[in-house]
There are 2 protein chains.
Amino acid sequence: MSTDHPTPTLHARHDHAHCVADALTRADALCAQRGARLTTLRRRVLELVWSSHRPRGAYAILEDLSQQDGKSTAPLTVYRALEFLVEQGLVHRIESLNAYVGCASPGASHSGQFLVCEGCGDAAEIDDSSIRTAIESAAIARGFRVQRPTVEVRGVCKDCQEKHP
Amino acid sequence: MSTDHPTPTLHARHDHAHCVADALTRADALCAQRGARLTTLRRRVLELVWSSHRPRGAYAILEDLSQQDGKSTAPLTVYRALEFLVEQGLVHRIESLNAYVGCASPGASHSGQFLVCEGCGDAAEIDDSSIRTAIESAAIARGFRVQRPTVEVRGVCKDCQEKHP
DNA sequence: GTAGAGATGTTATAAAATAACATCATGAGC
DNA sequence: GCTCATGATGTTATTTTATAACATCTCTAC
């Protein structure tokens with residue numbers, strides 16, 4: 001499932017280096033505050049997840065990791081790091097892509113809503129309260145107790161629409 | 001990932017045989033109307049998907065199929081049938097489970113919203129207009145064109161809550 | 001009846017995820 | 001500082017999920 005997207009556009013114009021640095025700093029702070037151990041490996045995996053705003057597969061991250069180190073790493077290593085990062089709310093898993101993406105606002109709510117562009121592959125995290133409450137209401141109406149809502153909307157982002165009119 | 005759930009409860013009380021027969025009849029009608037070929041194989045796979053209201057993995061269906069026939073079937077056979085059924089809107093894929101479930105109202109809208117119970121494993125399909133419009137509005141606000149919204153809500157259904165208070 | 005499209009069969013392989021167990025590192029308590 | 005227990009990582013093997021490439025069959029339209 002190598003989804004080769006042309007170029008990411010959704011966030012094309014921003015200072016991505018800053019964006020990553022920011023994410024790492026917030027992760028450091030959050031983990032310190034919680035007494036969670038953001039080890040070197042986990043931090044590196046987090047950085048690799050953040051290397052773009054496109055969800056990345058575990059094996060893609062694995063490759064990066066292996067390449068950086070020269071030696072090859074086992075899948076489990078990456079999966080374990082990802083598991084930790086997801087638990088800490090630093091990374092989200094995009095179910096419909098079997099891939100992972102950095103969380104835009106760790107520490108906060110976490111409804112897990114994404115607009116996934118078919119064009120560029122970017123996944124924009126949103127946190128729309130009306131979606132959240134609509135889901136909650138629908139569930140309550142059926143006596144269903146919500147634990148983890150997943151919203152993944154496939155479509156085409158603004159930039160990609162402009163490119164291909 | 002063998003999610004062995006105790007017993008399905010969400011739809012425990014209904015006449016499931018009737019439920020399946022109904023689904024097959026509607027599928028026949030829809031495909032006839034569209035000129036789509038609901039072959040014997042595809043119909044059998046549809047029936048197996050409907051064997052419960054729990055999403056079933058492709059390989060589980062494959063096993064059933066092989067067992068029924070004595071001879072073993074190839075995965076691709078099942079995947080191709082499922083692909084057809086999903087295209088026709090007769091079956092939905094639950095992304096977060098890598099599994100398939102019969103569509104409650106084929107031919108109709110198809111927003112693809114599910115309440116997935118962690119207890120019994122049942123996936124109740126809902127079609128809540130306020131969820132649909134909330135997603136649509138959120139997308140529009142960001143210039144995003146929606147193609148396929150996916151909503152999969154993990155939680156605990158009414159019956160399972162009553163069982164484990 | 002025949003051609004052609006679409007459906008299925010067959011074999012092999014890729015991609016994604018986990019299991020079981022060994023070893024290593026870190027930090028709390030002494 | 002040392003020790004031990006806990007948690008993190010390494011290693012090897014395997015399972016689960018999904019697709020590729022190509023051959024053969026089977027309907028349907030003509």
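Proteins come first, then strands; the chains are lettered A, B, ... in the order of their sequence lines, and each starts at number 1.
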A:Cys19 vs A:His14, side chain to side chain contact (heavy atoms under 4.5 Å, CB included): CA-CA, chis, key distance, verdict: CA-CA 8 Å; A:Cys19 181; A:His14 75 175; 3.8 Å; yes
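When rounded to the nearest whole Å, the span between CZ of A:Arg34 and P of D:dG7 equals 18 Å. Taking atom CD1 of residue B:Ile61 and atom P of nucleotide D:dA18, one finds them 11 Å apart after rounding to whole Å. In this structure, A:Arg44 atom CZ and D:dA8 atom C1' are separated by 15 Å, rounded to whole Å. Between the CG atom of B:Leu82 and the C1' atom of D:dT17 there is a distance of 12 Å, given to the nearest Å. Residue A:Glu83 contributes atom CD, which lies 15 Å from atom C1' of C:dA16 at whole-angstrom precision. For the pair A:Leu97 CG and D:dA18 C1', the interatomic distance rounds to 15 Å; values are reported in whole Å.
In this structure, B:Tyr79 does not count as stacked on the base of D:dT19 under the 5.5 Å centre distance and 30° plane angle limits.
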Distances under 3.5 Å between protein N/O atoms and the N/O atoms of nucleotides 4-10 of chain C, please, pair by pair.
unit_1: C:dA7; atom_1: OP1; unit_2: B:Arg42; atom_2: NH1; d: 3.2
unit_1: C:dA7; atom_1: O5'; unit_2: B:Arg42; atom_2: NH2; d: 3.2
unit_1: C:dT8; atom_1: OP1; unit_2: B:Thr39; atom_2: OG1; d: 2.5
unit_1: C:dT8; atom_1: OP2; unit_2: B:Arg42; atom_2: NE; d: 3.4
unit_1: C:dG9; atom_1: N7; unit_2: B:Arg80; atom_2: NH2; d: 2.6
unit_1: C:dG9; atom_1: O6; unit_2: B:Arg80; atom_2: NH1; d: 3.0
unit_1: C:dG9; atom_1: O6; unit_2: B:Arg80; atom_2: NH2; d: 3.4

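For C:dA17, the OP1/OP2 oxygens have a side-chain nitrogen or oxygen of A:Asn98 closer than 4.0 Å. Look at A:Arg43 and you won't find any side-chain N or O under 4.0 angstrom from OP1 or OP2 of D:dA8.
Connection of A:Val86 to A:Leu76 is not established within any shared hydrophobic cluster, with ILVMFWY side chains joined at heavy-atom distances below 4.5 Å, either directly or through further cluster members.
In terms of polar N and O atoms assigned as donor or acceptor, the side chain of A:Tyr59 never comes within less than 3.5 Å of the base of C:dA14 in a complementary pairing.
Residues A:His18 and A:His16 place their aromatic rings such that the two centres sit no closer than 6.0 Å. A distance below 6.0 Å separates the ring centres of A:Phe114 and A:His92.
No side-chain N or O of A:Arg42 forms a donor-acceptor pair with one of A:Gln88 less than 3.5 Å apart.
A:Arg154 has no carboxylate O lying under 4.0 Å from a charged side-chain N of A:Glu152, or vice versa, which leaves the two without a salt bridge.
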